[in-house]
Amino acid sequence: MIDSQVVTLLLGFLIVAIASNQIAKKFQQLKLPLITGLLIIGVISGPFILDLVPSVSKFKLQFVNDLSLAFIAFAAAAELYLKDLRGRLKSIKWMTFGQLVVTFVMSALAVYFLADYIHFMQDMSAEARIAAAILTATIFVARSPASAIAIINEVRAKGPFTQTAMGVTVLKDFLVIILFAICMSLASVLVKGSDLSFWFLLIILVELATSFALGYLVGRLIIMLLSFRIHKYAKIVYILALGYSVYLLYYFIKDYTAVEFGKEFLIEPLLICIIGSFIVTNYSKYRHEFIKLLDDVGPLIYVCFFTLAGASMSLDLLVKVWPIALLFFAIRLVSMMIGAYIGGNLAGDPPLFNRIGWMPYITQAGVGLGLATIVAANFPEWGQEFSTLIIAVIVINQIVGPPFFKWAINRVGESHARASTPEFDGLRDAIVFGFESQSVALVRQLKSHGWEVKLATRRKDIDKEEYPDIDIRIIEELNLEALNQLDANLSEAAVLMLTDDENEQVAELIYEHVGTKDVIVRLNNHYNFDKFHKLGALVVDPSTAMVSLMDHFVRSPQATSLLLGMQEGQDTIDLQVLNPNLFGLSLRDMRLPQDVIILSIRRKGQMIISHGYTRLRKGDWITMVGSTESLDKMTLLFDND
């Protein structure tokens, strides 16, 4: 029978989570991570401030936490793709050693010897202090693959430093689950006062072996699920249900063995899910589909998990632990610096890498928070204070970490961020790369519409006198020097009609160094579509373009012919609002020619829904259709600055 209180709490929490997602996005405008915003909104919504998420939710909504943890484990292991890591295995191996072993040992020793200054550890026995110290050190080792991927994608980082950082990040989170399983079992023995024995060690090994076996089974079940031809949302639901069922099995085995044998047998749910995801990622043909499904549901899971984690935080304890949290942050930072230096030297990495090799590993998020909540649930006497302290440290790491990682990527020269788009110079010009019949026809078509166009090619056998109406530029190589010679920074558009490899080379240069507003690529192989899409290019696939065009003609012949300029005397145009007299003017107050229609408005790269009361802003791009004569008049109106 469904508990009505659980339903009420869940519906109330979902409303808070939806609001949290929207409000937390404002934190990104302040250059803070989204996760930080979710945690803060969760704290505000919790029982100590607004009480929108009451304290009982922490227990009644435990299933939300369990489901989220299973997903986080799936997502972490999905990034551990062995083929991508082979080139940097030596550096990854030794850096992982430095970050795992050195950070763990130094942190555990520091926490143990500082126990007298930590509130919840002051009255503990020596054995319990060891338990708390090793659990703290284990969580200190954890990193955030999601945060690392976000930074790498933001600056499009590529290179050995980035490869090592990503490999170590994912491998550490894989190993930390195993380490956590061992330390949790050891901590249970120490806190309960039991003696270490051969049977205890044997049970730990059996627990780990069982977890590995169940992980393999979960992986095979996911592979079988992905092979079915069902809707992707159904697959997402089944995958999440499978992850949650691992936790249900964990609780069942734990309770059953405690009652029947007087000793809990603990499988490790996070380890099982990580092994399952690792099997799917590396030993099946469904890796890309699996990652896509996780990406689709990821934002929803993270919003729920981090908001609930914030709401579960004991604010009264948080105020008390901030000084210790700062001390813990410093301990972790120093241990990572030493670990990175030792690991980098053992791997033979460059001195610069060794000096800043700790910066990619500061940020913590999902896995660390998940482990903290597990400790809180298993050690109720002091687990809540422990969890609150760890969450405080994670919040600091989440704020400080991303800027450090981003700086490190720029310092080693592996950033490939997008160049800023140059200001419009009042002249509509374009560069077409590649010499062939289609490119020549395109140049002439653009010139007939008033554009200044250069045709760039490496062919030296062209007789320019045969094309007196075309500005043909011979370039030696496809490099930045050639783009500068072509004044690419002054061009409104670049059209790439070369091979896919050459197109990608030019698109990369434009993206990183020039910032041309519109880059149009003629695709040769559909397999390469994503490469150009990630570079913000407009991709034309000849293999599907004709079918799409004919489809539009069938469904809307008048609109299609109008947009293609096939109606006599009609055309379409994009104009940027540069005339100060238009700033703030609403569309209904503009005196447009009767044969001109505004189709869309693009503001800061986003299409906006326009109506009569929409006010123009400086830099808006207006797409309109009308007679060529009227559009010429509109060009003068919009571009006159």
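No experiment lies behind these values; they were computed from the predicted model shown.
With values rounded to the nearest 0.5 angstrom, Leu214 atom CG is found 11.5 Å from Glu268 atom CD. Distance check: Gln99 CD to Trp358 CH2 gives 10.5 Å after rounding to the nearest 0.5 Å. Note that the CG atom of Leu248 and the CG atom of Leu67 stand 10.0 Å from one another [nearest 0.5 Å]. Distance check, rounded to the nearest 0.5 Å: CG of Leu327 to CZ of Arg332 gives 14.0 Å. How far CZ of Phe379 is from OG of Ser387: 13.0 Å, rounded to the nearest 0.5 Å. With rounding to the nearest 0.5 angstrom, the OG1 atom of Thr307 is 10.5 Å from the CG atom of Leu14.
Ser57 contributes no side-chain N or O that, together with a main-chain N or O of Val53, makes up a donor-acceptor pair within less than 3.5 Å.
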> Can Tyr250 and Asp66 be said to form a side chain to side chain donor-acceptor pair (under 3.5 Å), step by step?
Replying inline: CA-CA 11 Å; Tyr250 160 75; Asp66 292 341; over 6 Å; no
>> Phe328 vs Phe140, test: ring pair (Phe, Tyr, Trp, His ring centres under 6.0 Å). Steps then yes/no.
In response: CA-CA 9 Å; Phe328 273 28; Phe140 279 5; 5.8 Å; yes
> Between Phe305 and Leu38, does a side-chain contact (heavy atoms from CB on, under 4.5 Å) hold up when you go through it step by step?
Replying inline: CA-CA 9 Å; Phe305 178 72; Leu38 294 173; over 6 Å; no
> Can you list the steps and then say if Val375 with Thr136 is a side-chain contact (heavy atoms from CB on, under 4.5 Å)?
Replying inline: CA-CA 10 Å; Val375 174; Thr136 301; over 6 Å; no
> Can Phe180 and Ile134 be said to form a side-chain contact (heavy atoms from CB on, under 4.5 Å), step by step?
Replying inline: CA-CA 9 Å; Phe180 182 77; Ile134 61 176; over 6 Å; no
>> Using the rule given for side-chain contact (heavy atoms from CB on, under 4.5 Å), can you reason through Asn282 versus Arg287, listing the C-alpha separation, both sets of side-chain angles and the distance that settles it, and then say yes or no?
In response: CA-CA 7 Å; Asn282 290 276; Arg287 170 176 172 258; over 6 Å; no
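Using a 4.5 Å heavy-atom cutoff, the side chains of Arg411 and Met359 are not in contact. Counting heavy atoms from C-beta outward, Val577 and Arg617 have side chains that stay 4.5 Å or more apart. With a 4.5 Å cut-off on side-chain heavy atoms, Asp116 and Met121 do not count as touching. You'll find the side chain of Ile118 reaches within 4.5 Å of the side chain of Val111, heavy atoms only. Taking the side chain as every heavy atom from C-beta outward, Ile182 and Thr138 never approach each other to under 4.5 Å. Looking only at side-chain heavy atoms (C-beta outward), Phe290 and Ser277 come within less than 4.5 Å of each other. For the pair Phe353/Pro160, a side-chain contact is recorded, criterion being any heavy-atom separation below 4.5 Å from C-beta on. At least one side-chain heavy atom of Ile222 sits less than 4.5 Å from a side-chain heavy atom of Phe74.
A salt bridge between Lys235 and Glu289 is present, with a side-chain N of the basic residue lying under 4.0 Å from a carboxylate O of the acidic one.
The number of heavy atoms from other shown groups lying within 6.0 Å of OH (Tyr341) does not exceed 12. Open room surrounds OH on Tyr238; 12 or fewer heavy atoms of other groups in view lie less than 6.0 Å from it. No more than 12 heavy atoms of other residues, nucleotides or ligands sit less than 6.0 Å from atom OH of Tyr117.
Here Tyr302 and Phe71 bring their ring centres to under 6.0 angstrom of each other. Proximity of the aromatic rings of Phe404 and Trp407 is defined here by a centroid distance below 6.0 angstrom, and this criterion is not met. No close placement of the Tyr361 and Phe405 rings is indicated, their centers lying 6.0 Å or farther apart.
What you find for Tyr247 and Ala70 is that their closest heavy atoms are CE1-N, 4.0 Å. Ser211 and Leu271 get closest at one heavy-atom pair: CB-CD2, 3.9 Å. Counting all heavy atoms, side chain and backbone alike, Leu308 lies closest to Asn65 at CD2-N, 4.4 Å. Considering every non-hydrogen atom in both Pro54 and Leu9, the closest pair reads CG-CD2, 3.6 Å. Smallest separation of non-hydrogen atoms from Pro47 and Ser55: CB-N, 3.8 Å. The two atoms that bring Asn397 and Ile362 nearest to each other are CB-O, 3.3 Å, heavy atoms only.
Side chain to side chain, Asp296 and Tyr233 fail the donor-acceptor criterion of an N or O pair below 3.5 Å.
The residue from Leu225, Ile291, Val218, Leu226 that alone fulfils the side-chain contact (heavy atoms from CB on, under 4.5 Å) condition with Val280 is Leu226.
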